[in-house]
Amino acid sequence: MTEQGIPAKVLEIAEGIKTMRIRGAGKIARAVAEALKIAALEYGGVKEVAPFKRYMGKVADLIIATRPTAVSLPNAVMYVLSSLHRANPGTFEDAVNTVVLTAEKFIEESINAVKVISETAARRIRENSIILTHCHSSVAVSAITEAYKLGRVVKVYSTETRPFYQGRITAKQLLENGVPVVQIPDSAVRYVMHEVDHVVIGADTVASNGAVVNKIGTSQVALAAKEARVRVYVVAETYKFSPTTLVGEPVPIEFRDPTEVVPDSWLQKHPRIKVLNPSFDVTPPEYIDAIITEIGVIPPQAAILVLMERLGWALDKIKQGGLTKIKFEDYTE
Amino acid sequence: MERELIKHGFKQRYTGSEIVFATLDALKEYSVSSNEKSFAKHLLETYEKIIAERPASAGVLNILRVVIESFLKTGLQTIPSLITDLRSSYEKALWAAAEVACKRVSKGDVLMTSSNSLAVRRFFAKLREENIEVEVYVPESRPGLEGLLLAEYLEELGFNVNLIVDSAMRYFMKNVDKVFLGAEAVAANGAVVSKAGSSLMALAAKEARVRVYVIAPLLKFSFESVYGEMIKLPEGGWDLLMDDETRNMLPVNYAARAPLYDVTPPEYIDAIATEYGIFSPQAIPILLKEIYGSYPPTISPLPKLVKQLEEVYHI
């Protein structure tokens with residue numbers, strides 16, 4: 001036990017998220033659920049419902065503060081805490097059980113999500129399809145591989161995805177799975193689009209209006225697809241849906257270091273050239289045919305439904321103060 | 001630094017206009033240093049090389065037509081002066097088209113352009129000359145990364161340059177007032193063949209209601225396309241995107257497809273700036289009729305001329 005009564009293991013997980021030792025939306029979300037479960041099991045205070053809820057609120061605040069921009073993190077916290085709120089447990093034991101069971105359920109669902117999404121997405125792929133994907137998304141790779149196993153995929157175009165070439169990871173993984181892949185530069189997206197049957201892409205964040213925030217270039221891919229009447233599917237776990245966008249907070253788009261695009265020596269030689277390196281862009285919902293989640297296929301415009309289902313009670317709190325301002329401690333009583 | 005850029009597939013290639021000049025210069029040298037038969041051979045070699053490497057280069061195909069036709073008619077005698085004339089008239093046409101395009105720019109405009117077209121460089125030089133200050137977005141333009149060269153040139157001219165990855169064209173399009181593109185060829189229906197990614201830029205521009213201008217002297221018009229001939233678009237593989245070392249780190253069966261050009265449909269182009277003025281892409285045939293007296297203009301198909309050349313000189 002530490003000074004605040006928060007178990008050391010929980011603090012260790014929080015630290016891991018903060019220092020980015022724990023990375024990737026899925027891993028972060030599961031680590032959070034695990035931390036909440038540990039916190040409940042190792043609670044050392046008065047064995048009554050009210051102080052336990054207060055304590056869980058404190059743990060939640062601590063975890064949320066580690067990386068407020070990672071969308072899966074607050075979603076995992078709210079998933080567990082809103083169930084505690086909804087269950088309205090009569091005894092201390094019930095309260096602990098609720099947290100432990102919900103956390104376990106969240107972890108299990110999260111692990112299963114990729115599988116469920118892949119199976120669902122594969123059903124949407126027609127026979128003899130050519131698929132185009134952008135960047136690297138493990139869910140997209142899994143979904144395409146699943147469709148390939150069903151004998152529905154003849155070829156995949158994978159974009160290089162400058163500046164970091166994540167497309168090479170996609171190409172490598174698909175080749176390992178036996179899927180035929182052709183890599184193209186990002187500039188060739190429209191050139192090949194007339195051959196393509198489906199675009200399958202992952203998401204970094206899904207906003208409440210159904211807009212999808214993903215790797216820079218995604219919106220251009222979707223635009224070229226729309227022009228060619230090619231269907232665009234986004235594969236995303238429900239914890240990628242951002243609750244804060246509901247209160248109008250825009251998803252921040254990070255501009256990253258110019259040296260990711262050109263070598264430092266080139267920059268030194270050309271001090272008056274500005275290299276602008278946004279890492280994400282926003283694809284409007286009207287360019288997306290469906291978002292495929294582990295709870296099913298939804299039209300992007302219905303993204304709000306996922307948020308309400310998953311977060312319920314916590315949404316009101318977000319509406320009142322935004323994510324960073326809510327104190328879960330105050331609301332768990 | 002070169003090495004580090006080569007890792008990413010940086011490669012300096014002739015632009016559509018530069019290859020016109022390079023071809024003219026090489027032919028002129030041959031024309032003064034060789035006899036008729038060996039000049040005929042050079043012409044054939046040049047033709048075959050262009051067909052293999054730059055089949056979309058309407059500019060070179062058009063000058064070859066003029067040179068071969070004249071050579072067949074009057075021999076080597078008049079070729080050097082003909083080439084000198086072609087060179088200076090193309091140089092003039094480039095500047096004239098650039099000047100026309102300039103008139104479409106207002107002080108303070110934000111522009112986006114692509115690749116490293118000579119026509120586009122002339123256009124920016126003209127803007128500088130007329131003291132029209134602009135801000136420019138330049139995508140790096142893969143394969144080849146010639147966007148870096150254009151960015152360097154624009155920096156030298158003193159414009160505010162923003163270099164972006166090709167994927168970020170749509171992201172920044174909302175900040176842009178006008179798009180200016182060069183051309184490898186203009187087809188009979190007004191479609192424009194230009195550096196890969198141009199059609200994506202034009203599409204993003206159309207979506208954002210940004211005007212798209214192409215700067216192309218009439219030498220870039222593909223006369224072959226009038227008769228239904230498809231303009232051939234060359235493609236490369238992984239070697240246009242990385243060096244050997246990078247390739248070796250990827251799986252053995254890794255494959256890539258890197259088109260060098262793409263086709264922008266006429267409906268995405270607001271106007272083409274030529275040495276004769278600015279025209280809607282669909283109106284280019286009208287312009288050609290004015291110049292040549294008829295449409296389609298009576299031209300000799302290049303393959304026929306080449307065959308004649310082979311026969312006459314027994315090559």
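The shown structure was predicted, so the numbers you read here are calculated from the model rather than taken from an experiment. Lettering follows sequence order; numbering is per chain, from 1.
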Can you confirm if the aromatic rings of B/Y153 and B/F124 lie within a centre distance of less than 6.0 Å? no
Residue part contacting chain A, namely of B/L233, when any heavy atom lies under 4.5 Å: both
For B/L148, is it the side chain, the backbone, both or neither that has a heavy atom under 4.5 Å from a heavy atom of chain A? both
Just give me the residue among A/A171, A/P278, A/A188, A/A224 that pairs up with chain B most often, heavy atom to heavy atom, under 4.5 Å. A/P278
Correct closest heavy-atom pair for A/R124 and A/H198 would be O-CE1, 3.5 Å
Side chain / backbone / both / neither for B/E235 at chain A, heavy atoms under 4.5 Å: side chain
Flag if over 12 foreign heavy atoms under 6.0 Å of CZ, A/R231: no
Between A/P180 and chain B, which part of the residue has a heavy atom less than 4.5 Å away: side chain, backbone, both or neither? neither
Report which part of B/E140 has an atom under 4.5 Å of a heavy atom belonging to chain A: side chain, backbone, both, or neither. side chain
Is B/V136 close to chain A through its backbone or its side chain, or both, or neither, when contacts mean heavy atoms under 4.5 Å? neither
If we define contacts as heavy-atom pairs under 4.5 Å, which of A/R168, A/K172, A/M193 has the most with chain B? A/R168
Heavy-atom distance under 4.5 Å to chain A: side chain of B/M169, backbone, both or neither? both
Using non-hydrogen atoms and a 4.5 Å limit, figure out which bit of B/Y261 sits close to chain A: side chain, backbone, both or neither. backbone
Under 4.5 Å from any heavy atom of chain B - which part of A/V192: side chain
Residue from A/D264, A/L223, A/I253 scoring the most non-hydrogen pairs under 4.5 Å with chain B is A/L223
Region of A/E176 in contact with chain B, defined by heavy-atom distances below 4.5 Å: neither
So which part of B/L241 gets closer than 4.5 Å to some heavy atom of chain A, the side chain, the backbone, both or neither? both
What residue in A/I216, A/D281, A/V261 has the most heavy-atom pairs under 4.5 Å with chain B? A/I216
Tell me which of these, A/K274, A/R272, A/Q220, has more heavy-atom pairs under 4.5 Å with chain B than the rest. A/Q220
Select, from A/V182, A/I273, A/V189, the one with the greatest count of heavy-atom pairs under 4.5 Å involving chain B. A/I273
